[in-house]
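Everything below concerns the one structure shown next.
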Amino acid sequence: MTQEDKKIEVKGSNLVRRNFFLRMLGIGTACAGTWVGSGNLIARAQSAETAAAAAPKIPDYDWNKHKWAFGVDATRCIGCLRCVEACKAENGVTQDAHHFRTWVERYVYLEGDERAHVDSQSDAQNIAASGSEKEFRFDNRYKDAKIEKAFFVPKLCNHCTHPACVQVCPTGATYQTKDGVVLIDHSYCIGCQYCVQACPYGVREFNHVLGVTDKCTWCYHRITKGLQPACVEVCPVEARVFGDRNDPQSPISAFLRNNRVSVLKPETGNAPNVFYVGIDKEVC
Amino acid sequence: MPKHIARLLLLVVVLATAALTAKHYFTDKSYYAYGHYRGDSVAEIASDEPRFRGNEYCKTCHAKQYDSWLESTHNQPVIGKHVKCEVCHGPVGQHPSAAQAPLSVDERIAMGSKAPVAAVATDGKLPLPKDRTKCIQCHEAMPGRPAAQRQVVLAAHAGTEQCTACHDPHSPKINFAILAKAPHGDAAAGKVLAATCAACHGAAGASVNPAWPNLAGQHAGYLVNALQAFKSGTRPNAMMSGMAAGLSDADINNVAAYFSQASCKTAGADPAKALLGKTKAASCALCHGANGVSPSTAWPSLAGQNPDYLSDTLKSFQDGTRNHPVMTSIAKTLSADDVAQLTAYYASTSCK
């Protein structure tokens, strides 16, 4: 055997070993891939089957049996802002004039004006009138003005049937529950605020302390215990109505039966579930 | 297959497997349970404790307040009005604290400052505002509020007086019958003392000088308040302060009882002025009655009163020589003509 031949043989045996190693690695990876992949697929298939019937473990509550909706009768609202303060107290919303899950707008048409003057409780003049960023009231700036028409409109998350905010969330932190409520899982929210941008109604607020987006939950912790959302609970004039559309006797079913309702910005295709009575062309 | 393609494919497979394996281990078990989100978060959000706990919860300890609210204008479900406890008082939260809970409200009141305090000082406790801020959140007259909402123009309603001076927030409609009970006095004993008053106010309470007030038929409660105010100096008056200083509380009650039961005489005034005055008297009617007979015994009746005395009184409120939380601000809205016409109207209304 020449030296040349030896070299070739050594090279050859090396090649054989390397090929064997690579082949084994390939087979191993394929097996692992199949195992993980099939595991995932099976899990997903199972979850798709059971998701329809399964429900989160909430005591005495089955989300398959409810379809929540909200009504606002702007003709009844007196602008007392009890709902705004109640929401903050119930849900621990940041106590300042910049973070709200629900708010109230005032629309004032002065005589001869085409467009409405709009302000909300977080307006600087109203904050000055209340003297605090933790308590809210509307100042009486129009008391001597010639008013054509004026009214208050409570606003909150519309809990849309096709929520744009859920569609854009990159992590699955925000989602729609089976009973029609749009929630945020703060442990999965990365604070990118795509949802804040996507919401056509501007209802999402950003918690700068926790670095997560926050929003109205229709007080999910209350409605799943048979209570009304805090804003509905404290509304002294029934301007806010809440209930289960699956129950024909519920306040919201009666509200929808007895009134001609509208929704905000129907053209966006979000299909809101907050229904308004007595709002005007400029309310959006 | 060419070697370089096989290697590339192998690399893709290795990376994909690593990624899938990592996802399998790092994704929460409940993630796809109901959809593209962490299924457990639904129950987590639903498990929060409510802070607003409703009227029935408050009722268990505060039954008296609850009962008076139940029948009041703040609870009219028929017209969709529910001013529940927590609308004004704020969320109950963890009130009462575990330390308070075994004791009833009455027991805690009896203990005074030794009573255990609430877990969170503000929970369910209404910090009573020193001004009218609480009530005016709903009741200040404001464009945009529906007409059905009860509203008051602040500048024209009760001056700077607190709302609670006349209204019980649990049952805000004024109940004049229970508002102020006139102290019981002996009219016969009062008649003896009244001889001193006769020089100015007439033997039967019909004043001899139109600048001085008739007392006959006036509410006893008001007469008592006025005499006590002269006596204590809160209502300074050159003549009356000295007169009242010599009267005991019983004397005051007796004199008041005597004059309130005496038959009155209507002063009378120019009918043309009185007619004009009647149209302006609507804002006085709430406290002084539509015909000048006040619904509360604590407030003065104006019917049949001397017009000169009434206008002097209004002027003294206007120039500040006399002060009253309600009347001072109301008097300042009246012109000289208003005063003349209003006093003429009340002077001509029948005192009984």
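Keep in mind it's a predicted model, so treat the numbers as computed, not measured. Lettering follows sequence order; numbering is per chain, from 1.
The nearest pair of heavy atoms linking Arg76(A) to Pro146(B) is O-CG, 3.7 Å. Scanning both residues, Asp28(B) and Tyr188(A), for their nearest heavy atoms gives N-OH, 3.4 Å. The two residues His36(B) and Thr171(A) come nearest to each other via the heavy atoms NE2-C, 4.3 Å. Nearest heavy atom pair, residue Pro56(A) against residue Ala43(B), reads CB-N, 4.3 Å.
For Cys83(A), no part sits under 4.5 Å from any heavy atom of chain B, backbone or side chain. Residue Cys77(A) touches chain B through its backbone alone, counting heavy-atom pairs closer than 4.5 Å. For a residue to count as touching a neighbouring chain, one of its non-hydrogen atoms must lie under 4.5 Å from one of that chain's; by this rule Asp139(A) touches chain B with the backbone only. Of the two parts of Lys225(A), only the side chain, counted from C-beta on, holds a non-hydrogen atom closer than 4.5 Å to a non-hydrogen atom of chain B. In this structure, chain B has a heavy atom under 4.5 Å from the side chain of Ile147(A), while its backbone stays farther away. Using a 4.5 Å cut-off between heavy atoms, Ile184(A) contacts chain B through its backbone alone, with no side-chain atom that close. For Phe152(A), the parts lying near chain B are the backbone and the side chain together; criterion is any non-hydrogen pair under 4.5 Å. Contacts between Thr224(A) and chain B at a heavy-atom distance below 4.5 Å involve the side chain alone, from C-beta outward. Proximity to chain A is limited to the backbone of Ile79(B), based on heavy atoms less than 4.5 angstrom apart. Residue contact with chain B, scored on non-hydrogen atoms closer than 4.5 Å, is absent for Val108(A). Both the backbone and the side chain of Phe138(A) come within contact range of chain B, each with at least one heavy atom under 4.5 Å from a heavy atom of that chain. With a 4.5 angstrom heavy-atom cutoff, Ala6(B) does not touch chain A via any of its atoms.
Separating the CE atom in Met142(B) from the CZ atom in Arg141(A) is a distance of 9.5 Å, to the nearest 0.5 Å. Distance check, rounded to the nearest 0.5 Å: CG of Asp185(A) to CD of Glu44(B) gives 6.5 Å. Annotation: the span from Gln228(A) atom CD to Phe52(B) atom CZ amounts to 13.5 Å, rounded to 0.5 Å. Atom CZ of residue Arg82(A) and atom SG of residue Cys88(B) lie 8.0 Å apart, to the nearest 0.5 angstrom. Rounding to the nearest 0.5 Å gives a distance of 13.5 Å between CD of Glu233(A) and CZ of Arg51(B). The structure places CZ of Arg137(A) at 8.0 Å from OG1 of Thr133(B), a figure rounded to the nearest 0.5 Å.
When Val234(A), Val181(A), Ile78(A) are compared by the number of non-hydrogen pairs under 4.5 Å with chain B, Ile78(A) comes out ahead. Contact count against chain B (heavy-atom pairs under 4.5 Å) is highest for Glu90(A) among Glu238(A), Glu90(A), Arg106(A), Lys149(A).
Residues His221(A) and Glu49(B) have side chains that never bring a donor and an acceptor to within less than 3.5 angstrom of each other. Counted by atom type alone, Thr177(A) and Tyr34(B) present zero donor-acceptor pairs between their side chains at under 3.5 Å.
Remark: Gln76(B) CD is packed, more than 12 non-hydrogen atoms of other residues, nucleotides or ligands lying under 6.0 Å away. The number of heavy atoms from other shown groups lying within 6.0 Å of CG (Asp60(A)) does not exceed 12.
Side-chain contact check for Leu81(A) versus Gln137(B): every heavy-atom pair is 4.5 Å or farther apart. With a 4.5 Å cut-off on side-chain heavy atoms, Asn140(A) and Pro143(B) count as touching. Between Val42(B) and Tyr220(A), some side-chain heavy-atom pair lies under the 4.5 Å cut-off. At a threshold of 4.5 Å between non-hydrogen side-chain atoms, the residues Lys81(B) and Pro236(A) do not count as touching. Counting heavy atoms from C-beta on, the side chains of Arg38(B) and Ser187(A) come closer than 4.5 Å.
Under the ring-ring contact (aromatic ring centres under 6.0 Å, His included) criterion, Tyr194(A) pairs with no residue, sequence neighbours left out.
A salt bridge is absent between Lys143(A) and Glu140(B): the closest approach of a Lys/Arg side-chain nitrogen to an acidic carboxylate oxygen does not fall below 4.0 angstrom.
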